[in-house]
There are 2 protein chains.
Amino acid sequence: MSRRTVTISEVAKHAGVAVSTVSYVLSGKRTISADTRRRVLDSINALGYHPNAGARALASKRSNVIALVLPLRAGMHVPVLMRFASAVVTAARRFDHDVLLLTADEGTAGIRRVAASALVDALVLMDVELDDRRVPLLRELAEPSVLIGFPARPAGLTCVDLDFHAAGARCAEHLAERGHQEIALLGAPSVVYDRGTGFATRTRDGFAAAVADLGLKGVALPCEETFDEVYETVRDLLLDHPGLSGVVVHNEAAVSHVLAALRQLGRRVPQDMAVVAICPEDVAERASPPLTSVLIPAEEVGREAVRLVMDKLEGRVVPDSTLLAPLLAVRSST
Amino acid sequence: MSRRTVTISEVAKHAGVAVSTVSYVLSGKRTISADTRRRVLDSINALGYHPNAGARALASKRSNVIALVLPLRAGMHVPVLMRFASAVVTAARRFDHDVLLLTADEGTAGIRRVAASALVDALVLMDVELDDRRVPLLRELAEPSVLIGFPARPAGLTCVDLDFHAAGARCAEHLAERGHQEIALLGAPSVVYDRGTGFATRTRDGFAAAVADLGLKGVALPCEETFDEVYETVRDLLLDHPGLSGVVVHNEAAVSHVLAALRQLGRRVPQDMAVVAICPEDVAERASPPLTSVLIPAEEVGREAVRLVMDKLEGRVVPDSTLLAPLLAVRSST
DNA sequence: GCCGGTCGTCGAAGCGCTTCGACACTCTTT
DNA sequence: AAAGAGTGTCGAAGCGCTTCGACGACCGGC
């Protein structure tokens, strides 16, 4: 199989042109007559030529690879991550780039290594935390980078994320539109708030702001992820707030437990209790009943991150902060 | 920041040696006196030298990058995938390799591209299906590859996976040891069996074989993933098999629904019904009650796949098939 | 005191590509 | 008819590294 690898000079010889001409046909950086282009392209096909990535990177100082850096805390959000990653890869390919996967195991050393060795042209960091130790490094790198999520001091960085503030607010508004007066937010486990993860806090703030604006009664609680803890939380919530008729769940792992707990506590959804979730679409759809939800637009976030990082690579100026509008999908739980 | 990039010849000059000497210090391919080595290493540190990946790949014909190819069906198993991926990256780093992430969007073209362009030295494919269209391509590639999962005709390929046959059997044995006589297996959605995904079928076969061996009564059913469908399945199962006292669930998404359904149908776990799951450890731990489970050893599978592919790169001979023994963790559900 | 053998180092030849300047044409414009 | 302005193509100079053959220095054995 796979005979000796074909080089650009063999293509040139086969087409009867200079090596540089083949290169220009491929890159389009100089005008080439239609006729010559045809011949070169034919030779490329005939010989099955693929440019050597290393040689290209060496000569052009561009590897056409971007790094995708996984979050520090591997446990979090795991399912969504894969969709981000997949979206980033797909988007990168549209810009003729490939994606190198980096984990946090190496700490910042990995980032430094791939940047300094010119293995990658640019970086996308997933699931950035408020106090993210990778952030200072990015500021001193020559390579452009984009963060998914917001650190505490985002000045000078480029960040993309779902507008969680708006998402929290949107859920409250939706419940208000449905006539609910007293509502609750069940959020992330308390440890997530403690370590100051941006998105959890921002959702809660948006929820609280909308509740105040709309003159509702509202309460926001952290929510653990085992059934028993969720059950207790829900039970106490119902005891403490007898008038409660709507709940927003912003905790993917707890969604099914909240529904199960309500079921056991004799509350029907949506008749006795309206439920809105902020979670991936498939989780919302698969729940019973299917949940009205704010989607986490993983694909869109990933795509946007790549678009931004490519713009930066081309030297274009991009906004520091890109917030993607939440989209509420109404299903049968409200 | 990041002043002009440092090259090997600057290091050589700084240390007062030839370029090739620096190279040999780094690669260890020729003996270098301790004294010279020290001086070179000092210069490398002083200047902050990092070898250029492209130049290295060009000269040595090794990119030190392996491709990790995501499964064709993105929807499947999503959480486990991330753990595989993460394990593969970590393991690859131990062999001084990085990982390029490839999706199925491009079909086989992506694989062909990164191989032909020498962007990667080797490939690891995740979640291979029985009739996987990427498999024929691998056979004609010069680059070594390892599959996670088994295709229908694995001859000439290198495959790694959990021994699902043994896992199914192990669950049945465990229930038998606990004194259960009549047991059931709730498996993947029927569409998964229809498309012949290897692991689902193999688990079922192992379960059936053990049931026969042990003289139990056993039934195996596919299992959908919405609560309502699961509820029906469980209800019918209990009606049809009044003596049933143990159930094995091999469907990550359905685990919590099965538990909720049993709860609603008035069966206590483990008193009225023993439950064993084949799923990731965290899912089993977080369920209520925590489930006895066979772990899917994602980390180990990933690590093993990398080890094998590195062996092949070095020209060593490796076994065609590597099956990882299932490990049963007993928790409070049996 | 000479020979063969390591040992440690060097210089140079690529690896396959991009890019720059040069140059031969062919059109326009005067 | 000459000067200028494009076009389209070529040759050569690297990009930063690895690797090969060469070669002095030094060793022990005779």
Side-chain angles (χ1 to χ4, degrees), chain A residues 3-41 43-44 47-65 96 113-121, chain B residues 3-41 43-44 47-65 96 113-121:
Chain A
R3 59 201 146 295
R4 213 184 78 301
T5 160
V6 182
T7 72
I8 196 173
S9 76
E10 298 176 51
V11 174
K13 198 164 301 169
H14 187 272
V17 299
V19 163
S20 49
T21 303
V22 177
S23 178
Y24 287 125
V25 166
L26 254 19
S27 70
K29 293 193 179 172
R30 288 205 179 168
T31 46
I32 295 286
S33 69
D35 181 58
T36 305
R37 178 195 317 291
R38 283 276 317 132
R39 258 183 316 135
V40 169
L41 257 17
S43 297
I44 286 177
L47 300 179
Y49 168 68
H50 285 265
N52 177 295
R56 188 171 259 199
L58 178 57
S60 68
K61 310 196 156 308
R62 284 293 193 92
S63 66
N64 276 33
V65 174
D96 197 33
R113 179 173 49 81
V114 297
S117 68
L119 224 192
V120 306
D121 296 334
Chain B
R3 58 201 146 296
R4 212 184 80 300
T5 160
V6 182
T7 72
I8 196 174
S9 76
E10 299 175 50
V11 174
K13 198 164 303 171
H14 187 273
V17 300
V19 163
S20 48
T21 302
V22 177
S23 177
Y24 287 125
V25 166
L26 255 19
S27 70
K29 293 193 178 172
R30 287 205 182 169
T31 47
I32 296 287
S33 68
D35 181 59
T36 306
R37 180 197 314 291
R38 285 276 316 133
R39 262 185 310 137
V40 169
L41 258 16
S43 297
I44 286 177
L47 302 179
Y49 168 69
H50 285 265
N52 178 295
R56 189 170 257 201
L58 179 57
S60 69
K61 311 200 157 307
R62 283 293 193 93
S63 66
N64 276 34
V65 174
D96 196 34
R113 180 172 48 80
V114 296
S117 68
L119 224 191
V120 307
D121 296 334

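Every chain is numbered from 1, with letters handed out A, B, ... down the list of sequences.
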Spacing of B:Asn52 atom CG relative to D:dT18 atom C1', expressed in whole Å:
13 Å
Starting from P on C:dA13, measure out to CG on B:Leu58 and report it in whole angstrom.
17 Å
CD1 of A:Ile8 versus P of D:dC15: gap in Å, rounded?
19 Å
Could you tell me if B:Ser20 and B:Ser23 have a donor-acceptor pair between their side chains, going purely by distance under 3.5 Å?
no
Does a side-chain N or O from A:Lys29 land closer than 4.0 Å to OP1 or OP2 of C:dT19, or not?
yes
Test side chain to side chain contact (heavy atoms under 4.5 Å, CB included) on A:Arg39 and A:Thr36 and set out the steps.
CA-CA 5 Å; A:Arg39 258 183 316 135; A:Thr36 305; 3.8 Å; yes
Roughly how far, to the nearest 0.5 Å, is CG of A:Leu119 from OG of B:Ser63?
8.5 Å
Can you tell me if A:Arg62 has over 12 outside heavy atoms packed within less than 6.0 Å of its CZ?
yes
Report the C-alpha distance between B:Thr21 and B:Ile32 in whole Å, list the side-chain angles of each, state the deciding distance to 0.1 Å, and finish with yes or no for side chain to side chain contact (heavy atoms under 4.5 Å, CB included).
CA-CA 8 Å; B:Thr21 302; B:Ile32 296 287; 4.0 Å; yes
Please state how far atom OH in B:Tyr24 lies from atom P in D:dG21, giving the value in whole angstrom units.
10 Å
Give A:Ser23 one of three labels, base, sugar-phosphate or nothing, depending on what nucleic acid heavy atoms sit under 4.0 Å from its own.
base
To the nearest 0.5 Å, atom CD1 of B:Ile8 lies from atom CG of B:Leu47 at 12.0 Å
Could you go through A:Leu26 and A:Tyr49, starting from their C-alpha distance and side-chain angles, then the distance that decides it, and tell me whether this counts as side chain to side chain contact (heavy atoms under 4.5 Å, CB included)?
CA-CA 11 Å; A:Leu26 254 19; A:Tyr49 168 68; 3.8 Å; yes
Mapping B:Ser9 and A:Ser20 onto DNA chain D by nearest heavy atom, which one lands closer to the 5' end?
A:Ser20
Report all interatomic pairs (protein N or O, nucleotide N or O of nucleotides 5-8 of chain D) with separations under 3.5 Å.
| residue | atom | partner | partner atom | Å |
| --- | --- | --- | --- | --- |
| D:dG8 | OP2 | A:Thr31 | OG1 | 3.1 |

Would you say A:Tyr49 reaches C:dC17's phosphate, i.e. side-chain N/O to OP1/OP2 under 4.0 Å?
yes
Are B:Lys61 and C:dC15 close enough that a side-chain N or O sits under 4.0 Å from OP1 or OP2?
no
Please report, rounded to the nearest Å, how far the P atom of C:dC10 is from the NZ atom of B:Lys13.
14 Å
Please determine if a side-chain N or O atom of A:Thr21 lies less than 4.0 Å away from the OP1 or OP2 oxygen of D:dC10.
yes
Under 4.0 angstrom, heavy atoms only, what part of the nucleic acid is A:Val19 near: base, sugar-phosphate, or nothing?
base
Separation of C:dT18 C1' from A:Arg62 CZ (nearest whole Å):
13 Å
How long is the line joining CZ of B:Arg56 and P of C:dG14, in whole Å?
22 Å
Please report, rounded to the nearest Å, how far the P atom of C:dC15 is from the NE2 atom of A:His50.
21 Å
